[in-house]
Amino acid sequence: MESLGNLGDGFLTILTPMNMLWVLVGALLGTAVGVLPGLGSAMAVALLLPVTFSLDPVGAFIMFAGVLFGGLFGDSTAGILMNTPGNSTAIAGSIEGHRMAKSGRAAQALATAAIGAFIGGILSSVLVVFFAPYLAELATLFGPAEYLALAVFAFVAISAVVSESILRGLAALVIGLAIGLVGVDGMSGAARFTGGLPELFDGINIVVITVGLLALGEVIAVAARRGTKEDLQVMPSTGRLWLSRKEIGLAMPAWLRGTAIGVPFGIIPVGGSEVPTFLAYGTERRLGSRRTDSMFGRGAIQGVAGPEAAGNATAGTAMGALLALGLPTSATAAVLLAAFRQYGLQPGPLLFERASDLVWALLASFFVAMVVLLVLNLPFAPLWAKLLKVPRHYLYSGITVFAMLGVYATSSKILDLVLVLAIGLLGFAMRRYGLPVAPVLIAVILGPLAETEFRRAMAVSEGDPTVLVSSPITIVLYLVLVLGVIGLLVQRARTRRRTAAAGGPSA
(Lines give C-alpha, C1' and ligand atoms only; values in the text may rest on other atoms or scores of the structure.)
Protein backbone atom coordinates (compact mmCIF):
# COMPACT_ATOMS: atom_id res chain seq x y z
CA MET A 1 0.00 0.00 0.00
CA GLU A 2 2.90 2.33 0.71
CA SER A 3 4.20 1.73 -2.82
CA LEU A 4 0.76 2.53 -4.26
CA GLY A 5 0.63 5.77 -2.28
CA ASN A 6 4.10 6.79 -3.44
CA LEU A 7 3.23 5.92 -7.03
CA GLY A 8 0.06 8.03 -6.74
CA ASP A 9 2.17 10.97 -5.59
CA GLY A 10 4.40 10.41 -8.60
CA PHE A 11 1.41 10.59 -10.95
CA LEU A 12 0.29 13.83 -9.29
CA THR A 13 3.76 15.24 -9.99
CA ILE A 14 3.88 14.41 -13.69
CA LEU A 15 0.23 14.92 -14.68
CA THR A 16 0.73 18.62 -15.33
CA PRO A 17 0.67 20.24 -18.78
CA MET A 18 4.39 21.04 -18.76
CA ASN A 19 5.56 17.61 -17.60
CA MET A 20 3.23 15.86 -20.03
CA LEU A 21 4.77 18.02 -22.76
CA TRP A 22 8.24 16.75 -21.80
CA VAL A 23 7.04 13.14 -22.02
CA LEU A 24 5.59 13.80 -25.47
CA VAL A 25 8.72 15.60 -26.69
CA GLY A 26 10.92 12.83 -25.35
CA ALA A 27 8.84 10.12 -27.04
CA LEU A 28 8.92 11.92 -30.39
CA LEU A 29 12.65 12.70 -30.26
CA GLY A 30 13.52 9.19 -29.06
CA THR A 31 11.55 7.58 -31.86
CA ALA A 32 13.07 9.92 -34.47
CA VAL A 33 16.65 9.19 -33.39
CA GLY A 34 15.98 5.47 -32.91
CA VAL A 35 14.78 5.12 -36.51
CA LEU A 36 18.15 6.27 -37.88
CA PRO A 37 20.43 3.26 -38.61
CA GLY A 38 23.53 3.18 -36.44
CA LEU A 39 22.14 5.36 -33.67
CA GLY A 40 19.40 3.83 -31.52
CA SER A 41 17.93 4.27 -28.06
CA ALA A 42 21.21 4.54 -26.12
CA MET A 43 22.52 7.10 -28.59
CA ALA A 44 19.20 8.98 -28.41
CA VAL A 45 19.60 9.39 -24.64
CA ALA A 46 23.26 10.40 -25.03
CA LEU A 47 22.58 12.93 -27.79
CA LEU A 48 19.66 14.51 -25.96
CA LEU A 49 21.42 14.64 -22.59
CA PRO A 50 22.71 18.22 -23.11
CA VAL A 51 19.20 19.35 -24.08
CA THR A 52 17.93 18.65 -20.56
CA PHE A 53 20.55 20.64 -18.65
CA SER A 54 18.29 23.69 -18.56
CA LEU A 55 15.39 21.67 -17.07
CA ASP A 56 14.73 20.85 -13.46
CA PRO A 57 15.62 17.22 -12.50
CA VAL A 58 12.00 16.02 -12.50
CA GLY A 59 11.32 17.44 -15.98
CA ALA A 60 14.62 16.12 -17.29
CA PHE A 61 14.10 12.53 -16.15
CA ILE A 62 10.47 12.51 -17.26
CA MET A 63 11.72 13.48 -20.70
CA PHE A 64 14.37 10.73 -20.50
CA ALA A 65 11.62 8.16 -19.90
CA GLY A 66 9.97 9.20 -23.16
CA VAL A 67 13.32 9.18 -24.98
CA LEU A 68 14.21 5.72 -23.64
CA PHE A 69 11.04 3.91 -24.66
CA GLY A 70 10.58 5.99 -27.81
CA GLY A 71 14.10 5.05 -28.89
CA LEU A 72 13.34 1.36 -28.38
CA PHE A 73 10.31 1.61 -30.67
CA GLY A 74 12.37 3.57 -33.21
CA ASP A 75 14.99 0.80 -33.20
CA SER A 76 12.30 -1.73 -34.06
CA THR A 77 10.69 0.46 -36.72
CA ALA A 78 13.92 0.72 -38.71
CA GLY A 79 14.55 -3.01 -38.37
CA ILE A 80 11.06 -4.05 -39.45
CA LEU A 81 10.80 -1.72 -42.43
CA MET A 82 14.37 -1.71 -43.75
CA ASN A 83 16.16 -4.57 -41.94
CA THR A 84 18.43 -1.98 -40.36
CA PRO A 85 17.66 -2.02 -36.61
CA GLY A 86 18.77 1.12 -34.83
CA ASN A 87 20.26 -0.94 -32.00
CA SER A 88 21.37 -4.52 -31.41
CA THR A 89 18.43 -5.07 -29.06
CA ALA A 90 16.05 -4.85 -32.03
CA ILE A 91 17.83 -7.46 -34.14
CA ALA A 92 15.79 -10.47 -33.03
CA GLY A 93 12.44 -8.82 -33.73
CA SER A 94 13.65 -7.67 -37.14
CA ILE A 95 14.22 -11.23 -38.37
CA GLU A 96 10.52 -12.00 -38.80
CA GLY A 97 9.39 -8.36 -38.77
CA HIS A 98 11.18 -7.53 -42.00
CA ARG A 99 9.82 -10.67 -43.61
CA MET A 100 6.33 -9.51 -42.63
CA ALA A 101 7.08 -6.14 -44.24
CA LYS A 102 8.27 -7.80 -47.46
CA SER A 103 5.06 -9.83 -47.62
CA GLY A 104 2.90 -6.70 -47.33
CA ARG A 105 2.26 -6.77 -43.57
CA ALA A 106 4.48 -3.92 -42.41
CA ALA A 107 1.69 -2.09 -40.57
CA GLN A 108 0.70 -5.26 -38.73
CA ALA A 109 4.33 -5.89 -37.76
CA LEU A 110 4.68 -2.33 -36.42
CA ALA A 111 1.41 -2.62 -34.53
CA THR A 112 2.59 -5.93 -33.03
CA ALA A 113 5.84 -4.26 -31.98
CA ALA A 114 4.03 -1.28 -30.44
CA ILE A 115 1.59 -3.43 -28.45
CA GLY A 116 4.37 -5.81 -27.38
CA ALA A 117 6.48 -2.88 -26.21
CA PHE A 118 3.50 -1.57 -24.26
CA ILE A 119 2.72 -4.90 -22.58
CA GLY A 120 6.35 -5.67 -21.75
CA GLY A 121 7.02 -2.17 -20.46
CA ILE A 122 3.85 -1.89 -18.37
CA LEU A 123 4.20 -5.31 -16.72
CA SER A 124 7.90 -4.80 -15.95
CA SER A 125 7.17 -1.34 -14.50
CA VAL A 126 4.52 -2.87 -12.22
CA LEU A 127 7.06 -5.41 -11.02
CA VAL A 128 9.65 -2.69 -10.43
CA VAL A 129 7.21 -0.70 -8.31
CA PHE A 130 6.17 -3.61 -6.10
CA PHE A 131 8.96 -6.20 -6.25
CA ALA A 132 12.25 -4.37 -6.96
CA PRO A 133 13.97 -5.57 -3.76
CA TYR A 134 13.10 -9.21 -4.51
CA LEU A 135 14.12 -8.99 -8.16
CA ALA A 136 17.45 -7.49 -7.12
CA GLU A 137 18.26 -10.64 -5.14
CA LEU A 138 18.36 -12.62 -8.42
CA ALA A 139 21.47 -10.72 -9.50
CA THR A 140 23.39 -12.03 -6.48
CA LEU A 141 22.81 -15.64 -7.60
CA PHE A 142 24.90 -15.22 -10.75
CA GLY A 143 28.63 -15.79 -10.58
CA PRO A 144 31.22 -16.47 -13.35
CA ALA A 145 30.00 -20.04 -14.00
CA GLU A 146 26.36 -18.92 -14.27
CA TYR A 147 27.20 -16.12 -16.71
CA LEU A 148 29.21 -18.57 -18.83
CA ALA A 149 26.33 -21.07 -18.84
CA LEU A 150 23.96 -18.30 -19.88
CA ALA A 151 26.24 -17.27 -22.76
CA VAL A 152 26.71 -20.88 -23.95
CA PHE A 153 22.94 -21.41 -23.77
CA ALA A 154 22.40 -18.34 -25.96
CA PHE A 155 25.16 -19.38 -28.41
CA VAL A 156 23.89 -22.89 -29.08
CA ALA A 157 20.19 -22.13 -28.84
CA ILE A 158 20.35 -19.30 -31.38
CA SER A 159 22.72 -21.14 -33.73
CA ALA A 160 20.50 -24.22 -33.73
CA VAL A 161 17.16 -22.42 -34.02
CA VAL A 162 17.61 -19.58 -36.54
CA SER A 163 19.23 -21.69 -39.26
CA GLU A 164 17.79 -24.66 -41.11
CA SER A 165 21.27 -26.21 -40.80
CA ILE A 166 22.88 -26.43 -37.37
CA LEU A 167 26.32 -26.57 -39.02
CA ARG A 168 25.69 -23.29 -40.82
CA GLY A 169 24.47 -21.74 -37.58
CA LEU A 170 27.63 -22.86 -35.77
CA ALA A 171 29.80 -21.59 -38.65
CA ALA A 172 28.18 -18.18 -38.31
CA LEU A 173 28.77 -18.37 -34.55
CA VAL A 174 32.50 -18.97 -35.12
CA ILE A 175 32.66 -15.93 -37.41
CA GLY A 176 31.11 -13.80 -34.68
CA LEU A 177 33.47 -15.13 -32.01
CA ALA A 178 36.45 -14.32 -34.25
CA ILE A 179 35.24 -10.74 -34.72
CA GLY A 180 34.64 -10.46 -30.98
CA LEU A 181 38.28 -11.37 -30.23
CA VAL A 182 39.60 -8.24 -31.92
CA GLY A 183 41.07 -5.82 -29.37
CA VAL A 184 43.07 -5.88 -26.17
CA ASP A 185 42.54 -8.86 -23.88
CA GLY A 186 41.08 -7.42 -20.70
CA MET A 187 42.82 -9.92 -18.38
CA SER A 188 46.31 -10.15 -19.90
CA GLY A 189 46.53 -6.81 -21.73
CA ALA A 190 47.70 -8.49 -24.96
CA ALA A 191 46.53 -7.07 -28.30
CA ARG A 192 44.74 -9.60 -30.51
CA PHE A 193 44.01 -9.37 -34.24
CA THR A 194 44.50 -5.59 -34.26
CA GLY A 195 47.12 -5.44 -37.00
CA GLY A 196 49.02 -2.97 -34.85
CA LEU A 197 46.28 -0.35 -35.24
CA PRO A 198 45.67 1.54 -31.96
CA GLU A 199 42.11 2.28 -33.12
CA LEU A 200 41.29 -1.44 -32.78
CA PHE A 201 42.61 -1.84 -29.23
CA ASP A 202 39.07 -1.34 -27.88
CA GLY A 203 37.67 -3.86 -30.36
CA ILE A 204 35.17 -3.27 -33.16
CA ASN A 205 32.18 -1.24 -32.03
CA ILE A 206 28.91 -3.19 -31.98
CA VAL A 207 27.30 -0.33 -33.92
CA VAL A 208 29.83 -0.85 -36.72
CA ILE A 209 29.16 -4.59 -36.79
CA THR A 210 25.38 -4.26 -36.63
CA VAL A 211 25.20 -1.59 -39.33
CA GLY A 212 27.68 -3.45 -41.54
CA LEU A 213 26.04 -6.88 -41.34
CA LEU A 214 22.43 -5.78 -41.42
CA ALA A 215 22.20 -2.39 -43.12
CA LEU A 216 25.09 -2.36 -45.59
CA GLY A 217 24.92 -6.11 -46.16
CA GLU A 218 21.28 -5.73 -47.17
CA VAL A 219 22.08 -2.72 -49.38
CA ILE A 220 24.82 -4.64 -51.23
CA ALA A 221 22.51 -7.65 -51.62
CA VAL A 222 19.84 -5.40 -53.13
CA ALA A 223 22.41 -3.76 -55.42
CA ALA A 224 23.54 -7.20 -56.59
CA ARG A 225 19.98 -7.84 -57.82
CA ARG A 226 19.84 -4.53 -59.71
CA GLY A 227 17.82 -4.71 -62.89
CA THR A 228 16.09 -7.95 -61.98
CA LYS A 229 12.33 -8.30 -61.68
CA GLU A 230 12.63 -8.51 -57.89
CA ASP A 231 14.60 -5.24 -57.78
CA LEU A 232 12.11 -3.27 -59.84
CA GLN A 233 9.02 -4.20 -57.82
CA VAL A 234 7.90 -2.12 -54.86
CA MET A 235 7.28 -3.88 -51.55
CA PRO A 236 3.54 -4.30 -50.99
CA SER A 237 1.85 -2.86 -47.92
CA THR A 238 -1.76 -3.42 -46.99
CA GLY A 239 -1.65 -0.57 -44.47
CA ARG A 240 -4.04 -2.46 -42.15
CA LEU A 241 -3.52 -1.12 -38.64
CA TRP A 242 -5.61 -3.38 -36.42
CA LEU A 243 -4.63 -6.98 -35.86
CA SER A 244 -7.19 -9.64 -36.63
CA ARG A 245 -8.54 -11.94 -33.93
CA LYS A 246 -6.34 -14.77 -35.20
CA GLU A 247 -3.23 -12.55 -35.14
CA ILE A 248 -3.98 -11.41 -31.59
CA GLY A 249 -4.50 -15.04 -30.58
CA LEU A 250 -1.05 -15.89 -31.93
CA ALA A 251 0.66 -12.78 -30.54
CA MET A 252 -0.81 -12.65 -27.01
CA PRO A 253 0.96 -15.73 -25.63
CA ALA A 254 4.18 -14.54 -27.28
CA TRP A 255 3.85 -11.11 -25.66
CA LEU A 256 3.42 -12.71 -22.23
CA ARG A 257 6.22 -15.23 -22.74
CA GLY A 258 8.55 -12.49 -23.96
CA THR A 259 7.76 -10.36 -20.92
CA ALA A 260 8.46 -13.30 -18.59
CA ILE A 261 11.80 -13.92 -20.31
CA GLY A 262 12.82 -10.24 -20.32
CA VAL A 263 11.97 -9.29 -16.72
CA PRO A 264 14.83 -11.06 -14.90
CA PHE A 265 17.44 -10.01 -17.45
CA GLY A 266 16.99 -6.35 -16.57
CA ILE A 267 18.76 -6.91 -13.25
CA ILE A 268 21.47 -9.26 -14.57
CA PRO A 269 24.46 -7.32 -15.96
CA VAL A 270 24.84 -9.15 -19.27
CA GLY A 271 24.96 -5.98 -21.37
CA GLY A 272 21.38 -5.22 -22.39
CA SER A 273 18.36 -6.79 -24.07
CA GLU A 274 20.18 -8.87 -26.68
CA VAL A 275 20.10 -12.15 -24.75
CA PRO A 276 16.41 -12.09 -23.73
CA THR A 277 15.24 -10.92 -27.16
CA PHE A 278 17.11 -13.73 -28.90
CA LEU A 279 15.93 -16.25 -26.30
CA ALA A 280 12.36 -15.05 -26.79
CA TYR A 281 12.74 -15.40 -30.56
CA GLY A 282 14.24 -18.87 -30.17
CA THR A 283 11.41 -19.91 -27.85
CA GLU A 284 8.74 -18.73 -30.28
CA ARG A 285 10.45 -20.38 -33.22
CA ARG A 286 10.70 -23.72 -31.41
CA LEU A 287 7.04 -23.52 -30.41
CA GLY A 288 6.02 -22.39 -33.88
CA SER A 289 7.85 -25.28 -35.55
CA ARG A 290 5.33 -27.65 -33.96
CA ARG A 291 2.47 -26.04 -35.88
CA THR A 292 1.59 -27.30 -39.33
CA ASP A 293 0.80 -23.73 -40.42
CA SER A 294 3.99 -22.16 -39.03
CA MET A 295 4.91 -18.88 -40.70
CA PHE A 296 8.48 -18.75 -39.40
CA GLY A 297 10.82 -17.90 -42.24
CA ARG A 298 7.95 -16.14 -44.05
CA GLY A 299 7.00 -13.55 -41.42
CA ALA A 300 5.62 -15.03 -38.20
CA ILE A 301 3.87 -12.53 -35.95
CA GLN A 302 5.06 -14.44 -32.85
CA GLY A 303 8.66 -13.75 -33.94
CA VAL A 304 7.97 -10.04 -33.58
CA ALA A 305 5.75 -10.15 -30.50
CA GLY A 306 8.06 -12.14 -28.23
CA PRO A 307 11.32 -10.20 -28.76
CA GLU A 308 9.62 -6.79 -28.60
CA ALA A 309 7.93 -7.59 -25.28
CA ALA A 310 11.18 -9.06 -23.94
CA GLY A 311 13.22 -6.00 -24.94
CA ASN A 312 10.94 -3.50 -23.23
CA ALA A 313 10.49 -5.71 -20.17
CA THR A 314 14.26 -5.83 -19.81
CA ALA A 315 14.50 -2.06 -20.20
CA GLY A 316 11.87 -1.57 -17.48
CA THR A 317 13.54 -3.78 -14.88
CA ALA A 318 16.96 -2.39 -15.86
CA MET A 319 15.71 1.00 -14.71
CA GLY A 320 14.61 -0.63 -11.45
CA ALA A 321 18.10 -2.10 -10.96
CA LEU A 322 19.62 1.32 -11.68
CA LEU A 323 17.38 3.13 -9.20
CA ALA A 324 17.48 0.53 -6.42
CA LEU A 325 21.08 -0.70 -6.71
CA GLY A 326 22.90 1.92 -8.75
CA LEU A 327 23.75 -0.94 -11.14
CA PRO A 328 23.68 -0.07 -14.86
CA THR A 329 22.88 -3.33 -16.67
CA SER A 330 22.73 -1.88 -20.19
CA ALA A 331 24.32 0.86 -22.28
CA THR A 332 21.21 3.03 -21.93
CA ALA A 333 21.21 2.60 -18.15
CA ALA A 334 24.88 3.62 -18.10
CA VAL A 335 24.05 6.85 -19.93
CA LEU A 336 21.20 7.53 -17.49
CA LEU A 337 23.60 6.91 -14.58
CA ALA A 338 25.75 9.71 -15.99
CA ALA A 339 22.62 11.88 -16.17
CA PHE A 340 21.86 11.25 -12.49
CA ARG A 341 25.38 12.22 -11.53
CA GLN A 342 25.13 15.34 -13.65
CA TYR A 343 22.35 16.44 -11.28
CA GLY A 344 24.33 15.45 -8.19
CA LEU A 345 22.31 12.28 -7.54
CA GLN A 346 23.68 8.80 -6.86
CA PRO A 347 21.29 5.93 -7.71
CA GLY A 348 21.07 3.26 -5.03
CA PRO A 349 19.07 2.36 -1.92
CA LEU A 350 19.53 5.84 -0.40
CA LEU A 351 18.07 7.52 -3.50
CA PHE A 352 14.55 6.47 -2.44
CA GLU A 353 15.07 8.39 0.81
CA ARG A 354 16.99 11.42 -0.44
CA ALA A 355 15.02 12.07 -3.64
CA SER A 356 11.80 10.09 -3.29
CA ASP A 357 9.78 12.70 -5.20
CA LEU A 358 12.07 12.32 -8.21
CA VAL A 359 12.18 8.51 -8.05
CA TRP A 360 8.42 8.00 -7.86
CA ALA A 361 7.78 10.65 -10.51
CA LEU A 362 10.22 8.81 -12.79
CA LEU A 363 8.52 5.46 -12.12
CA ALA A 364 5.11 7.01 -12.82
CA SER A 365 6.48 8.52 -16.03
CA PHE A 366 7.25 4.99 -17.28
CA PHE A 367 3.54 4.19 -17.30
CA VAL A 368 2.65 7.52 -18.91
CA ALA A 369 5.38 7.17 -21.55
CA MET A 370 4.08 3.72 -22.50
CA VAL A 371 0.55 5.00 -23.02
CA VAL A 372 1.78 8.05 -24.96
CA LEU A 373 3.89 5.89 -27.26
CA LEU A 374 1.05 3.45 -27.89
CA VAL A 375 -1.32 6.32 -28.74
CA LEU A 376 1.31 7.91 -30.99
CA ASN A 377 2.66 4.87 -32.78
CA LEU A 378 -0.41 2.73 -33.44
CA PRO A 379 -2.11 5.34 -35.66
CA PHE A 380 1.19 6.12 -37.39
CA ALA A 381 2.05 2.47 -38.19
CA PRO A 382 0.47 2.63 -41.69
CA LEU A 383 2.27 5.94 -42.28
CA TRP A 384 5.64 4.40 -41.38
CA ALA A 385 4.76 1.49 -43.67
CA LYS A 386 4.43 3.96 -46.58
CA LEU A 387 8.24 4.12 -46.60
CA LEU A 388 8.14 0.79 -48.40
CA LYS A 389 6.40 2.52 -51.32
CA VAL A 390 9.63 4.41 -52.03
CA PRO A 391 11.53 2.82 -54.97
CA ARG A 392 14.30 0.59 -53.69
CA HIS A 393 17.22 2.49 -55.23
CA TYR A 394 16.14 5.69 -53.48
CA LEU A 395 15.29 3.96 -50.20
CA TYR A 396 18.53 2.02 -49.91
CA SER A 397 20.63 4.97 -50.99
CA GLY A 398 19.16 6.90 -48.09
CA ILE A 399 19.79 3.97 -45.74
CA THR A 400 23.46 3.93 -46.80
CA VAL A 401 23.90 7.65 -46.16
CA PHE A 402 22.23 7.56 -42.74
CA ALA A 403 24.07 4.37 -41.76
CA MET A 404 27.45 5.87 -42.58
CA LEU A 405 26.57 9.11 -40.80
CA GLY A 406 25.38 7.17 -37.76
CA VAL A 407 28.60 5.15 -37.58
CA TYR A 408 30.79 8.21 -37.99
CA ALA A 409 28.79 10.10 -35.36
CA THR A 410 29.49 7.42 -32.73
CA SER A 411 33.29 7.51 -33.03
CA SER A 412 34.46 10.11 -35.62
CA LYS A 413 36.88 7.48 -37.01
CA ILE A 414 37.49 6.94 -40.71
CA LEU A 415 38.60 3.40 -39.91
CA ASP A 416 35.08 2.59 -38.73
CA LEU A 417 33.72 3.51 -42.16
CA VAL A 418 36.23 1.13 -43.77
CA LEU A 419 35.24 -1.60 -41.31
CA VAL A 420 31.54 -1.05 -42.05
CA LEU A 421 32.23 -1.61 -45.74
CA ALA A 422 34.28 -4.75 -45.07
CA ILE A 423 31.67 -6.18 -42.69
CA GLY A 424 28.95 -5.23 -45.18
CA LEU A 425 30.70 -7.36 -47.82
CA LEU A 426 30.87 -10.18 -45.26
CA GLY A 427 27.13 -9.79 -44.65
CA PHE A 428 26.49 -9.97 -48.40
CA ALA A 429 28.58 -13.14 -48.69
CA MET A 430 26.70 -14.72 -45.78
CA ARG A 431 23.38 -13.96 -47.47
CA ARG A 432 24.72 -15.36 -50.72
CA TYR A 433 25.73 -18.69 -49.18
CA GLY A 434 22.85 -19.07 -46.72
CA LEU A 435 24.64 -18.38 -43.43
CA PRO A 436 22.40 -16.78 -40.78
CA VAL A 437 23.40 -13.37 -39.43
CA ALA A 438 21.89 -13.65 -35.94
CA PRO A 439 24.54 -16.06 -34.51
CA VAL A 440 27.29 -13.66 -35.59
CA LEU A 441 25.71 -10.82 -33.68
CA ILE A 442 24.98 -12.80 -30.52
CA ALA A 443 28.57 -14.13 -30.57
CA VAL A 444 30.03 -10.64 -30.93
CA ILE A 445 27.89 -9.37 -28.06
CA LEU A 446 28.35 -12.26 -25.64
CA GLY A 447 31.71 -13.68 -26.78
CA PRO A 448 33.88 -11.35 -24.67
CA LEU A 449 31.59 -11.91 -21.66
CA ALA A 450 31.83 -15.71 -22.04
CA GLU A 451 35.62 -15.61 -22.35
CA THR A 452 36.08 -13.35 -19.34
CA GLU A 453 33.73 -15.33 -17.13
CA PHE A 454 35.30 -18.65 -18.16
CA ARG A 455 38.77 -17.45 -17.28
CA ARG A 456 37.52 -15.91 -14.06
CA ALA A 457 35.83 -19.16 -13.04
CA MET A 458 39.01 -21.12 -13.80
CA ALA A 459 41.10 -18.65 -11.79
CA VAL A 460 38.80 -18.82 -8.76
CA SER A 461 38.66 -22.64 -8.83
CA GLU A 462 42.42 -22.98 -9.53
CA GLY A 463 41.74 -24.80 -12.79
CA ASP A 464 39.02 -27.17 -11.58
CA PRO A 465 36.55 -27.58 -14.50
CA THR A 466 33.81 -28.98 -12.27
CA VAL A 467 33.13 -25.43 -11.05
CA LEU A 468 31.37 -24.84 -14.38
CA VAL A 469 28.56 -27.23 -13.36
CA SER A 470 28.64 -26.80 -9.60
CA SER A 471 25.43 -24.82 -9.09
CA PRO A 472 21.75 -25.61 -9.73
CA ILE A 473 21.47 -22.72 -12.21
CA THR A 474 24.28 -24.01 -14.45
CA ILE A 475 23.04 -27.62 -14.29
CA VAL A 476 19.50 -26.59 -15.26
CA LEU A 477 20.71 -24.38 -18.12
CA TYR A 478 22.94 -27.08 -19.61
CA LEU A 479 20.28 -29.80 -19.21
CA VAL A 480 17.63 -27.66 -20.90
CA LEU A 481 20.09 -26.85 -23.68
CA VAL A 482 20.99 -30.51 -24.32
CA LEU A 483 17.37 -31.64 -24.24
CA GLY A 484 16.35 -28.78 -26.52
CA VAL A 485 19.03 -29.56 -29.13
CA ILE A 486 18.18 -33.29 -29.06
CA GLY A 487 14.49 -32.48 -29.46
CA LEU A 488 15.25 -30.13 -32.36
CA LEU A 489 17.38 -32.75 -34.14
CA VAL A 490 14.68 -35.41 -33.72
CA GLN A 491 12.00 -33.05 -34.97
CA ARG A 492 14.01 -32.08 -38.06
CA ALA A 493 14.77 -35.73 -38.81
CA ARG A 494 11.05 -36.53 -38.66
CA THR A 495 10.28 -33.58 -40.92
CA ARG A 496 12.82 -34.79 -43.49
CA ARG A 497 11.37 -38.30 -43.40
CA ARG A 498 7.81 -36.98 -43.87
CA THR A 499 8.97 -34.80 -46.75
CA ALA A 500 10.78 -37.71 -48.39
CA ALA A 501 7.75 -39.98 -47.93
CA ALA A 502 5.44 -37.37 -49.43
CA GLY A 503 7.72 -36.83 -52.38
CA GLY A 504 8.31 -40.51 -53.04
CA PRO A 505 5.06 -41.39 -54.78
CA SER A 506 5.10 -38.25 -56.91
CA ALA A 507 8.55 -39.07 -58.13
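The shown structure was predicted, so the numbers you read here are calculated from the model rather than taken from an experiment.
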For Met370 and Asn312: C-alpha separation, side-chain torsions, deciding distance, then whether side chain to side chain contact (heavy atoms under 4.5 Å, CB included) applies. CA-CA 10 Å; Met370 291 295 171; Asn312 273 56; 3.9 Å; yes
Any non-hydrogen side-chain atom of Glu308 less than 4.5 Å from a side-chain atom of Ile119? no
Any non-hydrogen side-chain atom of Val476 less than 4.5 Å from a side-chain atom of Val480? yes
Provide the closest heavy-atom pair for Phe155 versus Ala450 in the form atom of the first, atom of the second, distance. CE1-CB, 3.9 Å
Out of curiosity, Ile414 CD1 to Leu419 CG, how far, rounded to the nearest 0.5 Å? 11.5 Å
Considering all heavy atoms of both residues, which atom of Pro253 and which atom of Ile248 are nearest to each other, and what is their separation? CD-O, 4.5 Å
Do Ile423 and Ile204 make a side-chain contact, defined as non-hydrogen atoms from C-beta onward lying under 4.5 Å apart? yes
Which heavy atom of Arg99 sits nearest to which heavy atom of Tyr281, and what is that distance? NH1-OH, 4.3 Å
Exam field: side chain Thr31 to backbone Gly70, donor-acceptor pair closer than 3.5 Å: yes
Please answer whether the main-chain N or O of Gly143 pairs with a side-chain N or O of Glu146 as donor and acceptor at a distance below 3.5 Å. yes
Within the distance-only criterion (no hydrogens, no angle test), does the side chain of Asp416 pair as donor or acceptor with the backbone N or O of Val208 below 3.5 angstrom? no
Flag the pair Phe61 / Phe64 as yes when their ring centroid distance falls below 6.0 Å, and as no otherwise. yes
Distance check, rounded to the nearest 0.5 Å: Leu287 atom CG versus Leu250 atom CG? 12.0 Å
Looking at every heavy atom in both Ala280 and Pro307, which two are closest together, and how far apart are they? CB-N, 3.9 Å
Could you tell me which non-hydrogen atom of Ala27 sits nearest to which non-hydrogen atom of Val372, and how far apart they are? CB-CG1, 4.4 Å
Distance check, rounded to the nearest 0.5 Å: Leu110 atom CG versus Met100 atom CE? 9.0 Å
Does Thr317 reach the main-chain N or O of Val263 with its side chain, forming a donor-acceptor pair under 3.5 Å? yes
Can you tell me how far apart OG1 (Thr112) and CD1 (Ile80) are? Round to the nearest 0.5 Å. 7.5 Å
With heavy-atom distances below 4.5 Å as the criterion, would you say the side chains of Thr13 and Val58 are in contact? yes
Distance col, row Leu29:CG vs Trp22:CH2, nearest 0.5 angstrom, shows 10.0 Å
What is the minimum heavy-atom distance between Glu284 and Gln302, and which atoms define it? CG-O, 3.6 Å
Greater than 12 external heavy atoms within 6.0 Å of Asp9's CG: yes
Once you measure the plane-to-plane angle for Phe69 and Phe366, does it fall in the parallel (<30°), tilted (30-60°) or perpendicular (>60°) bin? perpendicular
Just how far is it from atom CG of Leu148 to atom CD of Glu451, taken to the nearest 0.5 Å? 11.0 Å
Are any side-chain N or O atoms of Glu96 and backbone N or O atoms of Ala300, one a donor and one an acceptor, separated by less than 3.5 Å? yes
